[in-house]
Amino acid sequence: MSDDHGAPGDLHEPILGWYADHARDLPWRHDDCSAWGVLVSEVMLQQTPVARVLPVWLEWMERWPTPRDLALAPAGDAVRAWGRLGYPRRALRLHQSAVAIVEQHGSEVPATEAELLTLPGVGTYTAAAVACFAHGERTVVVDTNVRRVEARAVTGAALPAAALTRAETALAATLVPADPAVARVWNVAVMELGALVCTARSPRCPDCPVAHLCAWRLAGSPAYDGPPRKGQAWEGTDRQVRGAMLAVLRAADGPVGLAGLAAACPDDEVRRMRCLDGLVTDGLVEPLGRGRFTLPR
DNA sequence: TATTCGTGGCC
DNA sequence: TGGCCAAGAAT
């Protein structure tokens with residue numbers, strides 16, 4: 001029909017069609033899911049796989065079905081209910097967001113990106129995602145999946161650059177359909193394609209609806225040739241100790257003494273105290289005096 | 001712009 | 001086996 005093979009517009013029909021057939025049935029995508037449910041899901045999904053988020057999200061929605069419900073609970077309850085999703089400051093920020101939504105937004109999750117961006121823990125991606133998926137706004141949603149799909153299909157690179165570039169955002173913007181309702185499906189469809197088919201390590205190109213026009217494939221699927229990607233250090237980091245300390249506090253019924261927290265880092269008192277200080281500064285741990293600590297009240 | 005911040009599963 | 005990676009945000 002068109003002779004300009006590879007034009008960005010050619011991606012729409014195949015990807016939207018693929019999504020219609022292969023989308024996962026996730027509760028936060030249901031029409032009856034509240035904007036609050038969408039916001040909670042988006043924050044939980046930051047750097048955390050769907051499989052791990054699902055049971056915790058269901059628990060949260062049952063326990064705190066509205067922002068007001070969470071705002072009325074102690075912050076520590078949110079941190080404990082966060083379980084082992086990782087990056088527990090997200091739980092704290094979600095609680096702070098709930099309070100802000102109640103106090104400053106009439107208990108309704110804001111609909112515009114600008115307002116959403118004022119909420120703690122809500123950045124560029126999450127604001128665009130919530131405005132779009134919860135409120136139907138036509139936004140440009142750019143997450144790691146979108147970046148990878150577009151890097152391959154359009155740019156021809158094996159992987160996107162380490163940091164989001166203006167060019168990527170501009171490209172993504174040109175690809176978002178003009179109609180808000182279609183844009184909404186497009187945004188989630190590209191993410192889904194990246195999550196299920198156009199994966200980082202071993203992409204399932206035979207299952208890809210745009211393999212025939214993928215610039216990366218047409219170039220012979222060249223290996224990544226950019227600057228070396230530095231991994232996420234873990235062994236011997238403060239994160240490891242902070243995580244262990246928080247695990248102790250989550251498991252405990254009441255306050256925990258320094259001796260109990262020492263198990264998280266038995267061989268290095270300097271690091272141990274630095275991490276504890278950091279947790280207190282972050283608001284994830286509350287000092288009670290006399291060397292006793294608890295999750296925030 | 002580069003770091004820091006959890007956790008666990010997978011190839 | 002272990003490095004890599006997962007719907008990022010804040011500083």
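Around CZ of A:Arg229, the count of heavy atoms belonging to other residues, nucleotides or ligands within 6.0 Å exceeds 12. Summarising the local packing, CZ of A:Arg250 is surrounded by more than 12 heavy atoms from other residues, nucleotides or ligands at distances under 6.0 Å. Heavy atoms of other residues, nucleotides or ligands lying less than 6.0 angstrom from CZ of A:Arg24 number more than 12.
Cluster annotation: A:Leu295 and A:Leu94 are assigned to distinct hydrophobic clusters (Ile/Leu/Val/Met/Phe/Trp/Tyr, side-chain heavy-atom contacts under 4.5 Å, transitive). Under a hydrophobic-cluster definition in which Ile, Leu, Val, Met, Phe, Trp and Tyr are linked whenever side-chain heavy atoms come within less than 4.5 Å, directly or via other members, A:Leu249 and A:Trp82 are assigned to different clusters. A continuous path of Ile, Leu, Val, Met, Phe, Trp and Tyr side chains, each step under 4.5 Å between heavy atoms, connects A:Leu45 with A:Val109, placing both in one hydrophobic cluster.
Separation of the P atoms belonging to C:dA7 and B:dC5 is 22 Å when rounded to the nearest angstrom. The gap from the P atom of B:dG6 to that of C:dT1 amounts to 28 Å, rounded to the nearest Å.
Nearest-nucleotide assignment on DNA chain B puts the 5′-proximal partner with A:Ala163, out of A:Leu279 and A:Ala163. Residues A:Ala195 and A:Leu117 both approach DNA chain C. Their nearest nucleotides, taken by heavy-atom distance, put A:Ala195 toward the 5′ side.
The minimum heavy-atom distance between A:Ala215 and A:Val154, with the atom names listed, is CB-O, 3.6 Å. Minimum interatomic distance between A:Ala189 and A:Trp18 (heavy atoms only, all atoms of both residues): O-CZ3, 4.0 Å.
Between the side chain of A:Thr48 and the base of B:dG8 there is no donor-acceptor pair of N/O atoms closer than 3.5 Å.
One interatomic measurement links the two molecules: CE of A:Met44 to P of C:dG8, which rounds to 15 Å at whole-angstrom precision. Rounded to an integer number of Å, the gap from CZ of A:Arg90 to C1' of B:dT4 is 14 Å. We find that CZ of A:Arg271 is positioned 14 Å from C1' of B:dT4, with the value rounded to whole Å. Put simply, CZ on A:Arg242 is 19 Å from P on B:dT3, counting in whole angstrom units. Rounded to whole Å, atom C1' of C:dA9 lies 15 Å from atom CG of A:Leu45. Look at CG on A:Leu54: it is 14 Å from C1' on C:dA7, rounded to the nearest Å. The separation between A:Trp234 atom CH2 and B:dT3 atom P is 19 Å, rounded to whole Å. As rounded to whole Å, 12 Å separates atom P of B:dG6 from atom CD of A:Gln240.
Proximity of A:Arg93 to the phosphate of C:dA9: no side-chain N or O atom is located under 4.0 Å from OP1 or OP2. Contact between the side-chain N/O atoms of A:Gln47 and the OP1/OP2 oxygens of C:dG8 is found at a separation under 4.0 Å. Of the side-chain N and O atoms in A:Thr126, one or more sit less than 4.0 angstrom from OP1 or OP2 of C:dA9.
Among the atoms of the strands shown, base atoms are found under 4.0 Å from some heavy atom of A:Leu26. Across all strands, A:Arg52 comes closer than 4.0 Å to base atoms (heavy-atom distances). Using a 4.0 Å heavy-atom cutoff across all strands shown, A:Thr237 reaches no nucleic acid atom at all. Among the heavy atoms of the strands lying under 4.0 Å from A:Thr124 are primed sugar atoms or P, OP1, OP2 only; no base atom is included. Nucleic acid contact class of A:Asp282 (heavy atoms, under 4.0 Å, all strands): none. The residue A:Gly86 sits close to a base: some heavy atom pair falls under 4.0 Å. A:Val122 comes within contact range of the sugar-phosphate backbone alone, with a heavy-atom separation under 4.0 Å but no base atom that close. The residue A:Trp82 sits apart from the nucleic acid: no heavy atom pair falls under 4.0 Å. Residue A:Leu85 is classed as a base contact, given a heavy-atom separation below 4.0 Å to a base. A:Arg250 comes within 4.0 angstrom of sugar-phosphate atoms only, judged by non-hydrogen atoms across all strands, and of no base.
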Hey, what are the protein-to-nucleotides 1-5 of chain C N/O distances that come in under 3.5 Å?
unit_1: C:dC4; atom_1: O2; unit_2: A:Arg201; atom_2: NH1; d: 3.2

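Looking at A:Asn187, its side chain never comes within 3.5 Å of a backbone N or O of A:Arg184 through a donor-acceptor pair.
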